[in-house]
Amino acid sequence: MKISAREVLDGLLDPGSFRSWDREPIGVPASPTYRAELVAAQQRSGSDESVLTGEGLLRGRRVAVVACEFGFLAGSIGVAAAERIVTAVERATASGLPLLASPTSGGTRMQEGTVAFVQMVKIAGAVAEHKAAGHPYLVYLRNPTMGGVFASWGSLGHMTFAEPGALIGFLGPRVYEALYDRPFPEGVQTAENLYRNGVIDGVVPVRFFRRIAHRVLNVTVSTAGERVSSSVEARAIGQPDAVPSQPSSGSSAASASTAWDSVLTSRNPARPGIRELLRQATDRVPLSGTGQGESDRTVVHALARLRGEPCVVFGHDRSGQSEENTMGPAALREARRSMHLAAELRLPLVLVIDTAGAALSREAEERGLAPEIARCLADLVTLDTPTVSVLLGQGSGGGALAFLPADRVLAATHGWLAPLPPEGASAIVFRDTDHAAELAAAQRVPAPDLLADGIVDRIVPEYPDAAAEPVDFSRRMVAAIAAELGALRARPIPELRAERHNRYRRLGVPS
């Protein structure tokens with residue numbers, strides 16, 4: 001049984017709050033047969049077109065909505081429906097409203113031909129303008145969503161969820177069979193399969209999407225007086241939040257034992273990772289995949305509030321990594337999705353580094369691991385939003401470097417950063433792994449040396465190590481991140497970009 005447009009709006013919005021924006025559909029050329037189909041569709045569906053638009057309240061917050069009505073000619077989009085959608089999107093943009101879209105459609109209206117097909121261009125353009133203005137665009141795909149609708153405004157959401165069991169795809173199974181004289185492979189065009197493959201962010205009923213949308217808007221849409229003072233929060237944790245941000249002059253490299261102790265400590269399986277940090281957040285909403293058919297279980301990304309500070313969080317997931325499962329190119333493409341999302345929504349970006357290294361495999365090479373690291377570096381250095389990088393544990397190789405460039409860089413006491421794992425560096429220099437501890441010190445990989453060299457700005461302490469106090473440490477780190485976010489968000493973006501450029505331009509050059 002298919003969910004009607006009015007049912008989905010009733011499920012999303014506060015009772016009685018919906019107000020229609022729709023006017024009589026514009027006239028389009030129609031043969032007598034098509035005109036009769038339009039009349040019959042109106043009578044059958046109770047709607048004057050295949051889409052309803054308007055505004056309402058979602059837990060008291062004003063939002064704009066666009067919902068397809070499948071009962072009207074299979075939710076197909078012709079000129080009149082497209083004009084209604086674009087008018088609603090433009091009104092939402094002008095009013096500064098978040099936009100929730102719920103497509104369900106067979107695609108382009110065949111009765112109107114090519115002119116209906118190209119309407120998807122203007123819809124996509126209107127959505128792009130809405131997002132460029134910094135307003136959230138959330139999509140809930142219903143059963144079915146096919147063709148040009150899925151390939152345009154159905155796939156442009158900042159976040160995209162779908163109805164359980166929904167048929168979602170580009171080419172309809174019936175059309176495929178007619179064209180190729182064989183059935184479409186079973187189980188491919190399902191919401192669940194698209195979620196598994198990183199095309200959409202989740203599969204939930206409407207009532208759960210309402211909760212998710214509420215959390216997303218709590219993060220992305222600010223209201224007066226809702227931010228909490230991060231410095232107060234930091235002090236409330238009950239421990240110092242960081243060592244001084246400026247090292248004393250004449251700092252020397254850590255001893256071999258100290259550097260190696262940090263490397264070993266960072267590898268403790270009980271050490272808290274990004275998931276523990278997110279447990280201290282509020283209004284967190286997980287994201288999944290690149291949105292382009294890739295997903296990597298070694299990374300996590302989410303929208304969240306950290307001590308009242310809204311942000312996009314992305315980073316390595318230590319619980320998802322193993323010797324057999326290391327970060328690949330898809331993880332870096334997911335990172336770039338988070339970067340672009342943060343910029344579009346005008347939210348700060350928090351990057352968490354905690355990796356033993358990127359994948360070393362034929363597949364990783366052929367799918368562009370090195371170019372993706374380069375693109376991450378370039379994107380971060382030029383990103384038009386505040387950024388904080390957190391060296392939480394292991395920071396090995398290009399997979400760690402890709403998430404480093406930021407306005408502020410924090411490190412846990414036992415965080416470290418190196419071109420290779422110390423054992424790998426030892427193998428190159430000494431042709432054995434016996435000198436790993438010596439090289440860890442010589443390369444200045446631990447947090448105190450990174451602070452002295454200007455790579456790290458603050459060290460968040462562990463007492464004596466994060467694995468022994470996972471909750472307290474996670475709270476301390478979140479408070480430190482939030483304090484940095486609060487300070488950065490008060491500064492102009494051009495100023496941050498200029499300082500970021502200068503920081504990395506001068507790095508390593510004697511003053």
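Values reported hereafter were calculated over all heavy atoms of this structure, with side chains retained and with hydrogens, waters and symmetry mates removed.
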Inset, instruction - I would like to know whether Lys122 and Glu83 meet salt bridge (charged side-chain N to carboxylate O under 4.0 Å, His left out); could you show each step before the answer? - result: CA-CA 9 Å; Lys122 75 180 186 184; Glu83 185 63 24; 2.9 Å; yes

Inset, instruction - On the 0 to 90° scale, with breaks at 30° and 60°, tag the Phe161-Phe209 ring pair as parallel, tilted or perpendicular. - result: tilted

Legend entry - Main-chain N/O of Ala5 paired with Glu69 side-chain donor or acceptor, under 3.5 Å: yes

Legend entry - Residues Asp283 and Arg215 bridged, charged N to O under 4.0 Å: no

Legend entry - Side-chain ion pair, Glu49 and Arg84, N-O less than 4.0 Å: no

Inset, instruction - Show the numbers, then the answer: is there a side-chain hydrogen bond (donor to acceptor under 3.5 Å, both in side chains) between Thr160 and Asp201? - result: CA-CA 5 Å; Thr160 304; Asp201 292 301; 5.0 Å; no

Legend entry - Side-chain ion pair, Arg207 and Asp10, N-O less than 4.0 Å: no

Inset, instruction - Could you grab the distance from atom CG of Leu306 to atom CD of Glu484, nearest 0.5 Å is fine? - result: 12.5 Å

Inset, instruction - Fit a plane to each ring of Phe314 and His301, take the angle between them on a 0 to 90° scale, and name the class: parallel (under 30°), tilted (30 to 60°) or perpendicular (over 60°). - result: perpendicular

Legend entry - 4.5 Å side-chain heavy-atom contact, Tyr34 and Glu112: yes

Legend entry - Electrostatic pair Arg337:Glu334 at N-O distance under 4.0 angstrom: no

Inset, instruction - Enter the distance from His214:NE2 to Arg59:CZ here, rounded to the nearest 0.5 Å. - result: 4.5 Å

Legend entry - Salt-bridge present (Glu309, Arg489; N to O < 4.0 Å): yes

Inset, instruction - Give a yes or no answer on whether the side chain of Ser20 reaches the backbone of Gly54 with a donor-acceptor pair at less than 3.5 Å. - result: no

Legend entry - Candidate list Arg210, Arg62, Arg19, Arg61, test salt bridge (charged side-chain N to carboxylate O under 4.0 Å, His left out), partner Asp14, passing option: Arg210

